[in-house]
Participant: 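The structure's right below; bear with me while I get my questions together.
Convention: sequence-line order gives letters A, B, ...; per-chain numbering from 1. Side-chain atoms are counted along with the backbone in the values below, which use heavy atoms only and exclude waters and symmetry mates.
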There are 2 protein chains.
Amino acid sequence: MTEDNYSTEQRPYHHGDLHQAIVSAALEVLSETQSTEFSLRELARRAGVSHNAPYKHFADKRELLAAVSAVGFELLAKQMTDATKEFDSPRERLGAMARAYICGGVNNPALYRLMFGGYLSGHDHVRPAVEIIAGEKMKALLVDAISDGALGRPIPNTAANKREIDGAILVFWSQMHGLTLLLVDGRVGPSENMVELSESVFQGMLEGLAKRIPAIPAVTWIGSPAPTE
Amino acid sequence: MTEDNYSTEQRPYHHGDLHQAIVSAALEVLSETQSTEFSLRELARRAGVSHNAPYKHFADKRELLAAVSAVGFELLAKQMTDATKEFDSPRERLGAMARAYICGGVNNPALYRLMFGGYLSGHDHVRPAVEIIAGEKMKALLVDAISDGALGRPIPNTAANKREIDGAILVFWSQMHGLTLLLVDGRVGPSENMVELSESVFQGMLEGLAKRIPAIPAVTWIGSPAPTE
DNA sequence: CAAAAAAGTTGACACGGGCAACATTCAATT
DNA sequence: AATTGAATGTTGCCCGTGTCAACTTTTTTG
């Protein structure tokens, strides 16, 4: 139907903002199919444009996916920022970020996998700048919360504290990244419990397994029978 | 050269164990190219067989990759088992497993990504049985170490302790999984430090960030300048 | 206003996934 | 030992995709 209108409406030779349109289409298809195995041609079709038009905006599929990934990082950073707004204590803010991070990942697994998967780091290609910058922004959020005292005491973001902060971020990020992916891949579930799970794991991370093992909701591991409860 | 020999040696119509040969070829190509984007036809070529022969052993590419993934799990489980052999204390054994896990992942990123990536969980397909079983074996290793007392006190693997053990495994696995992938994807580095890093993160996990932030080696985050040291 | 650059179009090619039909070998069963 | 059905391999084909090349239509710019 829209097709017909377009053909009579003699849509202009130039699309207006095809770059944006292609990225949007990619995000759509990615959400719908949860796979990066769509074709550029499919995106072109959706944008109502010839099968080669996208190549005027992206050198190859990789570059398009990089742009999509960058959007993903911006989205996630925004969700994390928003999530912290309603909290005052640094500790609560960090927890909120953890939750937002995990929810963001679970709510669009394919996008999260694209962002962190090897598609873009592979080969000899360098990670595209736009994507790196977006990733940096995310890290800055963590640094802020930690230096504000999320770990129990303030750790000013100075050169002297760099190693310590790096260590904390590494632990935190690994933990959240790992949990997100286990959920996303269905290795552990059910992901409806992700909020409780992230809370538990977050607690466990702060207090240490040797001190107190976090009480987690009943989980199912892939291949195991559902929890009998 | 080998090609020529084959043609004169009138190799038998049946290959002998093509299934195995294809999986091996896949593992080779995967290691070489660090990508799952090879073609079945390429594997067929390597096995010296017609382009459609593999389809007698694998319904489609997915199924082949699942078999490769399963081998990956078995390999990893073996490395973890071996790594624990030289240690007596459960705590050291768990640490050794963590190290082996991370090394295993970093040493063949594409394989690790295949094992845990969404390629196999996506769509409506169910995770292949052989792969699930291999994954279960790995989890059993963790359960053993934990119930033996790796976390400071023994936690018998009883129904009553299920929740606690599940919680511990979830934290541990997420942490290691996440760290492995950050290293594998080059988000944090350099991965030559992976042993020290895994040790630090492991310590941090046991003691808790709120108590003591682990001292980690100087790391580089993607996009950041190399550490000035 | 001409000329170059940008954005889109059409056509072509090679390659890969996967179906179908056929060939060869192996393994049971009689 | 002969027959026959199941495994295993092979050849040929179709279709969709990535991507290069050459051409057209706008837009921008000197």
Participant: Touch check for B/His57, heavy atoms < 4.0 angstrom, all strands: base, sugar-phosphate only, or nothing?
Facilitator: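 Sugar-phosphate only.
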Participant: Nearest-nucleotide wise, let me know which of A/Ala59 and B/Ser50 is further upstream toward the 5' end of DNA chain D.
Facilitator: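 By nearest-heavy-atom nucleotide position, the 5'-most residue is B/Ser50.
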Participant: Nearest whole Å is fine: how far is C/dG16 P from B/Lys61 NZ?
Facilitator: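 That distance rounds to 10 Å.
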Participant: Select from B/Ala53 and A/Phe38 the residue whose nearest nucleotide in DNA chain D is closer to the 5' end of that strand.
Facilitator: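 Result of the comparison: B/Ala53.
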Participant: For the side chain of A/Asp60 and the base of D/dT19, is some donor closer than 3.5 Å to an acceptor across the two?
Facilitator: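 No.
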Participant: What nucleotide, of D/dT17, D/dT10, C/dG17, holds the atom closest to the side chain of B/Tyr55?
Facilitator: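 Selected nucleotide: C/dG17.
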Participant: Regarding A/Lys61 and the six-membered ring of A/Phe38, is the cationic atom NZ or CZ under 6.0 Å from the ring centre and inside 45° of its axis?
Facilitator: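 Checked: cation-pi criterion met.
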Participant: Rounded to the nearest angstrom, tell me the gap between atom CG in B/Leu40 and atom C1' in C/dC15.
Facilitator: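 The distance from CG of B/Leu40 to C1' of C/dC15 comes to 13 Å, rounded to the nearest Å.
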Participant: Do the side-chain N or O atoms of A/Arg62 get closer than 4.0 angstrom to the phosphate oxygens (OP1, OP2) of D/dT19?
Facilitator: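 For D/dT19, neither OP1 nor OP2 has a side-chain N or O of A/Arg62 closer than 4.0 Å.
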Participant: Rounded to whole angstroms, how far apart are CD1 on B/Ile22 and C1' on D/dT8?
Facilitator: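 The distance from CD1 of B/Ile22 to C1' of D/dT8 comes to 12 Å, rounded to the nearest Å.
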Participant: What is the distance, to the nearest angstrom, from the CG atom on B/Asp17 to the P atom on D/dG9?
Facilitator: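 After rounding, the reported distance stands at 9 Å.
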Participant: Specify the residue among A/His51 and B/Glu42 whose closest nucleotide of DNA chain C lies further upstream toward the 5′ end.
Facilitator: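 It is A/His51 whose nearest nucleotide is closer to the 5' end.
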Participant: Using the ring centroid of each side chain, check whether A/Phe172 and A/His177 are separated by less than 6.0 Å.
Facilitator: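 No, they do not, as the ring centres are separated by 6.0 Å or more.
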Participant: May I have the distance from B/Arg45 (atom CZ) to C/dA14 (atom C1'), rounded to whole angstrom?
Facilitator: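 Interatomic distance, CZ of B/Arg45 to C1' of C/dA14: 12 Å.
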Participant: Going by the salt bridge (Lys or Arg N to Asp or Glu O under 4.0 Å) test, name the single residue among A/Glu86, A/Glu199, A/Glu196 that passes it with A/Arg99.
Facilitator: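 With A/Arg99 as partner, salt bridge (Lys or Arg N to Asp or Glu O under 4.0 Å) holds for just one option, A/Glu199.
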Participant: Taking the nucleotide of DNA chain C with the closest heavy atom to each, which residue, B/Lys56 or A/Arg41, is nearer the 5' end?
Facilitator: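 It is A/Arg41 whose nearest nucleotide is closer to the 5' end.
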Participant: A/Tyr101 vs A/Phe116 aromatic rings, parallel, tilted or perpendicular, using cut-offs 30° and 60°?
Facilitator: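 Tilted.
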Participant: Rounded to the Å, how far apart are A/Phe58 CZ and D/dG18 C1'?
Facilitator: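 Rounded to whole Å, this separation is 15 Å.
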